[in-house]
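Along the sequence shown, residues carry numbers from 1.
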Amino acid sequence: MTDNTCTLPTPEQRRFIEIRQAAERRMLKTVFTAISDAAAEVEHGIKDAGLDFEPTHQDYFTFTVQQVAFIRLCGGDPETLRGGDPAIGERILGNGHHIIDNYWRD
């Protein structure tokens, strides 16, 4: 074994991971459903009001979730965008760069 080798999880640890992953899947399904529902709500509201506007795309609502989550993770206030820790923000952005570099670039 080397220092870089992870030990196998115990049965209790595996069960904990399964429980957490199931909750994560349900949470994400709820978030993505809410994003879709919000876009549909705006589309129907525009139509019902007789307005001549393009409906708001789901990406707008996805970005809203991303922005609020980022600010909360940094300890800031999503309403005012104030009070966050820039060092935490930099680490989160660094994680995003890591994903790009390691999974999306050839």
- With sequence neighbours left out, what residues match Gln13 under side chain to side chain contact (heavy atoms under 4.5 Å, CB included)? Pro9, Thr10
Restricting to side-chain hydrogen bond (donor to acceptor under 3.5 Å, both in side chains), what partner residues turn up for [X], sequence neighbours left out?
X	answer
Glu54	none
Asn95	none
Arg82	none
Asn102	His98

- Search all heavy atoms of Gly76 against all heavy atoms of Pro78 and return the closest pair with its distance. O-CD, 3.4 Å
With [X] via salt bridge (charged side-chain N to carboxylate O under 4.0 Å, His left out) - residues at least two apart:
X	value
Glu18	Arg15
Arg91	none
Asp101	Arg105

- Message: Does Arg14, at its CZ atom, have more than 12 non-hydrogen atoms belonging to other residues, nucleotides or ligands within less than 6.0 Å?
- Response: yes
- Crowded around Gln66 CD? As in, over 12 foreign heavy atoms under 6.0 Å? yes
Members other than [X] in its cluster, when Ile, Leu, Val, Met, Phe, Trp, Tyr link by side-chain heavy atoms under 4.5 Å?
X	value
Phe16	Ile17
Leu81	Phe70, Ile71, Leu73, Ile88, Ile92, Leu93
Ile35	Met27, Leu28, Val31, Phe32, Val42, Ile46, Leu51, Phe53, Tyr60, Phe61, Val65

Can you tell me how far the [atom1] atom of [X] sits from the [atom2] atom of [Y], to the nearest 0.5 Å?
X	Y	atom1	atom2	result
Thr64	Gln58	OG1	CD	12.5 Å
Asp52	Lys47	CG	NZ	13.5 Å
Glu41	Ser36	CD	OG	11.5 Å

- salt bridge (charged side-chain N to carboxylate O under 4.0 Å, His left out) pairs, two or more places apart, involving residues 20-34: none
